[in-house]
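A quick note: this is a predicted structure, and the numbers were derived from the prediction, not measured.
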Amino acid sequence: MIFEFIVKGIIIGFLASLPVGPISILIIQRTIRNSRYSGFYSGIGAATSDTVYATVAGFSLSIIIDFIRVNEIYLKIGCSMVLILLGIVIFFNHPEKKIEKLNRKPNTLAKNLFTTFLLTFTNPLVVFLHIGIFTTFGVVLNVTRLNHAVLILAGFFVGAVLWWFILTGFISLLKNRIDTKIYSWFNKIAGASIVIVVLVSLTIVLIRNIRI
(Lines give C-alpha, C1' and ligand atoms only; values in the text may rest on other atoms or scores of the structure.)
Protein backbone atom coordinates (compact mmCIF):
# COMPACT_ATOMS: atom_id res chain seq x y z
CA MET A 1 0.00 0.00 0.00
CA ILE A 2 2.81 2.41 0.91
CA PHE A 3 4.62 1.56 -2.31
CA GLU A 4 1.42 2.15 -4.29
CA PHE A 5 0.94 5.65 -2.85
CA ILE A 6 4.55 6.63 -3.51
CA VAL A 7 4.54 5.30 -7.08
CA LYS A 8 1.25 7.04 -7.84
CA GLY A 9 2.66 10.28 -6.44
CA ILE A 10 5.83 9.91 -8.55
CA ILE A 11 3.80 9.43 -11.73
CA ILE A 12 1.60 12.44 -10.99
CA GLY A 13 4.59 14.64 -10.13
CA PHE A 14 6.43 13.57 -13.28
CA LEU A 15 3.43 14.26 -15.53
CA ALA A 16 2.72 17.61 -13.84
CA SER A 17 6.26 18.78 -14.70
CA LEU A 18 6.16 17.77 -18.37
CA PRO A 19 4.33 20.76 -19.93
CA VAL A 20 6.83 23.12 -21.56
CA GLY A 21 6.46 26.71 -20.38
CA PRO A 22 8.53 29.75 -19.39
CA ILE A 23 10.02 28.02 -16.34
CA SER A 24 11.11 25.01 -18.42
CA ILE A 25 12.77 27.34 -20.93
CA LEU A 26 14.51 29.20 -18.09
CA ILE A 27 15.84 25.95 -16.60
CA ILE A 28 17.13 24.80 -20.00
CA GLN A 29 18.76 28.19 -20.51
CA ARG A 30 20.49 28.02 -17.12
CA THR A 31 21.71 24.50 -17.86
CA ILE A 32 23.30 25.62 -21.11
CA ARG A 33 24.63 28.93 -19.82
CA ASN A 34 25.96 27.74 -16.47
CA SER A 35 25.96 24.02 -15.73
CA ARG A 36 23.75 21.00 -15.17
CA TYR A 37 23.83 21.70 -11.43
CA SER A 38 22.53 25.21 -12.03
CA GLY A 39 19.66 23.88 -14.13
CA PHE A 40 18.93 20.96 -11.82
CA TYR A 41 18.80 23.10 -8.68
CA SER A 42 16.49 25.47 -10.55
CA GLY A 43 14.35 22.42 -11.31
CA ILE A 44 14.27 21.51 -7.63
CA GLY A 45 12.96 25.01 -6.92
CA ALA A 46 10.19 24.52 -9.47
CA ALA A 47 9.43 21.05 -8.07
CA THR A 48 9.16 22.45 -4.54
CA SER A 49 6.73 25.14 -5.64
CA ASP A 50 4.70 22.62 -7.64
CA THR A 51 4.50 20.36 -4.58
CA VAL A 52 3.05 23.24 -2.56
CA TYR A 53 0.33 23.74 -5.15
CA ALA A 54 -0.16 19.98 -5.43
CA THR A 55 -0.93 20.03 -1.70
CA VAL A 56 -3.58 22.69 -2.30
CA ALA A 57 -5.00 20.74 -5.26
CA GLY A 58 -4.95 17.39 -3.50
CA PHE A 59 -6.68 18.62 -0.37
CA SER A 60 -9.06 20.73 -2.50
CA LEU A 61 -8.67 23.75 -0.26
CA SER A 62 -11.73 25.57 -1.58
CA ILE A 63 -10.96 28.92 0.04
CA ILE A 64 -7.58 29.23 -1.69
CA ILE A 65 -8.88 27.83 -4.97
CA ASP A 66 -11.85 30.23 -4.94
CA PHE A 67 -9.49 33.15 -4.25
CA ILE A 68 -7.31 32.13 -7.21
CA ARG A 69 -10.34 31.72 -9.47
CA VAL A 70 -11.81 35.11 -8.50
CA ASN A 71 -8.49 36.93 -8.90
CA GLU A 72 -7.25 34.88 -11.85
CA ILE A 73 -6.81 37.80 -14.23
CA TYR A 74 -4.86 39.93 -11.73
CA LEU A 75 -2.62 37.04 -10.73
CA LYS A 76 -2.00 36.20 -14.38
CA ILE A 77 -1.13 39.80 -15.28
CA GLY A 78 1.30 40.08 -12.33
CA CYS A 79 2.96 36.77 -13.13
CA SER A 80 3.15 37.67 -16.83
CA MET A 81 4.88 40.99 -16.18
CA VAL A 82 7.59 39.27 -14.12
CA LEU A 83 8.17 36.57 -16.74
CA ILE A 84 8.17 39.03 -19.67
CA LEU A 85 10.82 41.10 -17.90
CA LEU A 86 12.81 37.93 -17.30
CA GLY A 87 12.52 36.99 -20.98
CA ILE A 88 13.77 40.42 -22.09
CA VAL A 89 16.77 40.19 -19.75
CA ILE A 90 17.64 36.71 -21.08
CA PHE A 91 17.22 37.89 -24.70
CA PHE A 92 19.78 40.68 -24.32
CA ASN A 93 22.21 38.63 -22.24
CA HIS A 94 25.53 37.61 -23.85
CA PRO A 95 26.70 34.44 -22.10
CA GLU A 96 29.74 33.90 -24.33
CA LYS A 97 31.27 37.07 -22.84
CA LYS A 98 30.86 35.65 -19.35
CA ILE A 99 32.27 32.16 -19.85
CA GLU A 100 35.59 32.86 -18.16
CA LYS A 101 33.91 34.67 -15.28
CA LEU A 102 31.47 31.80 -14.77
CA ASN A 103 34.29 29.28 -14.80
CA ARG A 104 36.15 31.19 -12.09
CA LYS A 105 33.06 31.94 -10.03
CA PRO A 106 31.17 29.09 -8.33
CA ASN A 107 27.51 28.70 -9.24
CA THR A 108 25.07 30.13 -6.71
CA LEU A 109 22.97 26.98 -6.62
CA ALA A 110 20.86 28.11 -3.66
CA LYS A 111 20.02 31.30 -5.55
CA ASN A 112 19.01 29.30 -8.62
CA LEU A 113 16.72 27.11 -6.50
CA PHE A 114 15.16 30.04 -4.63
CA THR A 115 14.56 32.29 -7.67
CA THR A 116 12.92 29.48 -9.66
CA PHE A 117 10.77 28.59 -6.66
CA LEU A 118 9.55 32.19 -6.47
CA LEU A 119 8.95 32.46 -10.22
CA THR A 120 6.96 29.22 -10.25
CA PHE A 121 5.09 30.29 -7.13
CA THR A 122 3.98 33.54 -8.81
CA ASN A 123 1.75 31.44 -11.08
CA PRO A 124 -0.87 29.94 -8.73
CA LEU A 125 -3.06 29.04 -11.71
CA VAL A 126 -0.93 25.89 -12.02
CA VAL A 127 -3.02 24.52 -9.15
CA PHE A 128 -5.78 23.81 -11.67
CA LEU A 129 -3.40 21.67 -13.73
CA HIS A 130 -2.68 19.63 -10.62
CA ILE A 131 -6.40 19.34 -9.84
CA GLY A 132 -6.94 17.91 -13.32
CA ILE A 133 -4.14 15.35 -12.92
CA PHE A 134 -5.25 14.36 -9.41
CA THR A 135 -8.80 13.93 -10.71
CA THR A 136 -7.61 11.80 -13.63
CA PHE A 137 -5.83 9.45 -11.24
CA GLY A 138 -8.71 9.51 -8.78
CA VAL A 139 -6.49 10.86 -5.99
CA VAL A 140 -8.04 12.94 -3.22
CA LEU A 141 -5.93 13.77 -0.18
CA ASN A 142 -7.69 13.47 3.14
CA VAL A 143 -6.70 15.07 6.42
CA THR A 144 -7.96 12.03 8.31
CA ARG A 145 -5.42 9.91 6.42
CA LEU A 146 -2.50 12.26 6.67
CA ASN A 147 0.09 9.49 6.31
CA HIS A 148 -1.33 8.57 2.89
CA ALA A 149 -1.28 12.23 1.83
CA VAL A 150 2.36 12.65 2.92
CA LEU A 151 3.40 9.58 0.92
CA ILE A 152 1.64 10.80 -2.21
CA LEU A 153 3.08 14.31 -1.92
CA ALA A 154 6.56 12.92 -1.23
CA GLY A 155 6.19 10.81 -4.36
CA PHE A 156 4.97 13.88 -6.26
CA PHE A 157 8.11 15.80 -5.30
CA VAL A 158 10.36 12.87 -6.28
CA GLY A 159 8.57 12.56 -9.64
CA ALA A 160 8.96 16.27 -10.38
CA VAL A 161 12.65 16.23 -9.42
CA LEU A 162 13.16 13.11 -11.53
CA TRP A 163 11.86 14.95 -14.60
CA TRP A 164 14.24 17.88 -14.07
CA PHE A 165 17.12 15.47 -13.45
CA ILE A 166 16.45 13.73 -16.78
CA LEU A 167 15.90 16.98 -18.71
CA THR A 168 18.97 18.81 -17.40
CA GLY A 169 21.09 15.68 -17.94
CA PHE A 170 19.97 15.45 -21.56
CA ILE A 171 20.53 19.18 -22.18
CA SER A 172 23.93 18.97 -20.50
CA LEU A 173 25.01 16.23 -22.92
CA LEU A 174 24.00 18.38 -25.88
CA LYS A 175 25.66 21.41 -24.33
CA ASN A 176 29.11 19.80 -24.55
CA ARG A 177 28.71 19.57 -28.34
CA ILE A 178 27.66 23.17 -28.82
CA ASP A 179 30.06 25.99 -29.61
CA THR A 180 29.95 28.77 -27.02
CA LYS A 181 28.92 31.31 -29.69
CA ILE A 182 25.65 29.40 -30.07
CA TYR A 183 24.78 30.23 -26.46
CA SER A 184 23.85 33.81 -27.33
CA TRP A 185 21.50 32.58 -30.04
CA PHE A 186 19.87 30.17 -27.61
CA ASN A 187 19.49 33.05 -25.16
CA LYS A 188 17.65 35.03 -27.81
CA ILE A 189 15.45 32.04 -28.65
CA ALA A 190 14.81 31.29 -24.96
CA GLY A 191 14.09 34.92 -24.09
CA ALA A 192 11.79 35.41 -27.09
CA SER A 193 10.03 32.09 -26.37
CA ILE A 194 9.31 33.09 -22.77
CA VAL A 195 7.86 36.43 -23.88
CA ILE A 196 5.77 34.83 -26.68
CA VAL A 197 4.43 31.99 -24.50
CA VAL A 198 3.50 34.43 -21.72
CA LEU A 199 1.86 36.93 -24.11
CA VAL A 200 -0.21 34.20 -25.79
CA SER A 201 -1.27 32.80 -22.42
CA LEU A 202 -2.11 36.28 -21.10
CA THR A 203 -4.08 37.12 -24.26
CA ILE A 204 -6.18 33.98 -23.86
CA VAL A 205 -6.95 34.86 -20.24
CA LEU A 206 -7.85 38.47 -21.13
CA ILE A 207 -10.13 37.40 -24.01
CA ARG A 208 -11.81 34.84 -21.76
CA ASN A 209 -12.45 37.50 -19.12
CA ILE A 210 -13.76 40.21 -21.48
CA ARG A 211 -17.41 40.95 -20.89
CA ILE A 212 -19.21 42.32 -23.94
Asks: Between Ile171 and Thr31, what is the shortest heavy-atom contact and its length?
Replies: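 Result for this residue pair: CG2-CG2, 3.8 Å.
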Asks: Hey, are the side chains of Ile152 and Lys8 touching, using non-hydrogen atoms and a 4.5 Å cut-off?
Replies: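 Answer no - side chains too far apart.
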Asks: Without swapping roles, check the side chain of Ser17 against the backbone of Gly13 for a donor-acceptor pair under 3.5 Å.
Replies: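 Side chain of Ser17 to backbone of Gly13, a donor-acceptor pair under 3.5 Å: yes, one is there.
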Asks: Once rounded to the nearest 0.5 Å, what's the spacing between atom CD1 of Ile84 and atom CG of Leu199?
Replies: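 CG of Leu199 is found 4.0 Å from CD1 of Ile84.
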Asks: Should Ile25 and Ile28 count as side-chain neighbours, where that means a heavy-atom distance under 4.5 Å?
Replies: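 Sidechains of Ile28 and Ile25: no contact.
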Asks: Hey, what do you get for OG (Ser42) to OH (Tyr37), rounding to the nearest 0.5 Å?
Replies: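 If we round to the nearest 0.5 Å, Ser42:OG and Tyr37:OH are 14.5 Å apart.
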Asks: For Thr203, enumerate each residue passing the side chain to side chain donor-acceptor pair (under 3.5 Å) test, keeping only those at least two apart in sequence or located in another chain.
Replies: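 With sequence neighbours excluded, Thr203 shows a side chain to side chain donor-acceptor pair (under 3.5 Å) to no residue whatsoever.
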Asks: Does Phe3 reach the side chain of Leu151, with side-chain heavy atoms less than 4.5 Å apart?
Replies: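 A side-chain contact under 4.5 Å is absent here.
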Asks: Between Phe40 and Val161, is there a side-chain heavy-atom distance shorter than 4.5 Å?
Replies: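 They are in side-chain contact.
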Asks: Looking only at heavy atoms, what is the nearest atom pair of His130 and Ala54, with distance?
Replies: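 Looks like CD2-N, 3.6 Å.
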Asks: Taking Tyr53 for the side chain and Phe121 for the main chain, is one N or O donor matched with an acceptor at less than 3.5 Å?
Replies: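 Such a contact is found between Tyr53 side chain and Phe121 backbone.
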Asks: Which heavy atom of Gly43 sits nearest a heavy atom of Ile27, and at what distance?
Replies: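 Distance-wise, the nearest heavy atoms are CA-CD1, 3.6 Å.
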Asks: Looking at Phe165, is Arg36 sitting on its ring face, NZ or CZ under 6.0 Å from the six-membered ring centre and within 45 degrees of the normal?
Replies: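 Ring-cation test returns yes.
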Asks: Walk me through it: do His148 and Phe5 pass the test ring pair (Phe, Tyr, Trp, His ring centres under 6.0 Å)?
Replies: CA-CA 7 Å; His148 295 173; Phe5 286 134; 4.4 Å; yes
Asks: Do the side chain of Thr55 and the main chain of Thr51 share a donor and acceptor less than 3.5 angstrom apart?
Replies: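 Yes, because the side chain of Thr55 sits within donor-acceptor range (under 3.5 Å) of the backbone of Thr51.
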Asks: Is it the case that Thr116 and Arg30 place a side-chain donor and acceptor less than 3.5 Å from each other?
Replies: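 Looking only at side-chain atoms, Arg30 and Thr116 do form a donor-acceptor pair, the distance falling under 3.5 Å.
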Asks: Can you check whether Trp164 reaches Ser24 side chain to side chain, under 4.5 Å on heavy atoms?
Replies: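 Of all side-chain heavy-atom pairs linking Ser24 with Trp164, at least one is under 4.5 Å.
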Asks: Would you say the side chain of Thr48 lies within less than 4.5 Å of the side chain of Phe157, judging by non-hydrogen atoms?
Replies: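 With C-beta onward as the side chain, the pair touches.
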Asks: Let me confirm one number: the CD1-CG distance from Ile11 to Leu162, rounded to the nearest 0.5 Å.
Replies: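 Nearest 0.5 Å value for the CD1-CG distance: 11.0 Å.
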Asks: Working to the nearest 0.5 Å, report the span between CG of Leu109 and CZ of Phe114.
Replies: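 It comes to 15.5 Å.
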Asks: Any side-chain to backbone donor/acceptor pair from Ser38 onto Asn34? Under 3.5 Å, distance only.
Replies: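 No, Ser38 side chain to Asn34 backbone: no donor-acceptor pair under 3.5 Å.
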Asks: Measure up the Phe156 and Phe134 rings against each other and bin them: parallel (under 30°), tilted (30 to 60°), perpendicular (over 60°).
Replies: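 Ring orientation, 0 to 90° scale: parallel.
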Asks: Quick one: CG on Leu15 to CD1 on Ile10, what's the gap to the nearest 0.5 Å?
Replies: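 Reported to 0.5 Å precision, the distance equals 12.0 Å.
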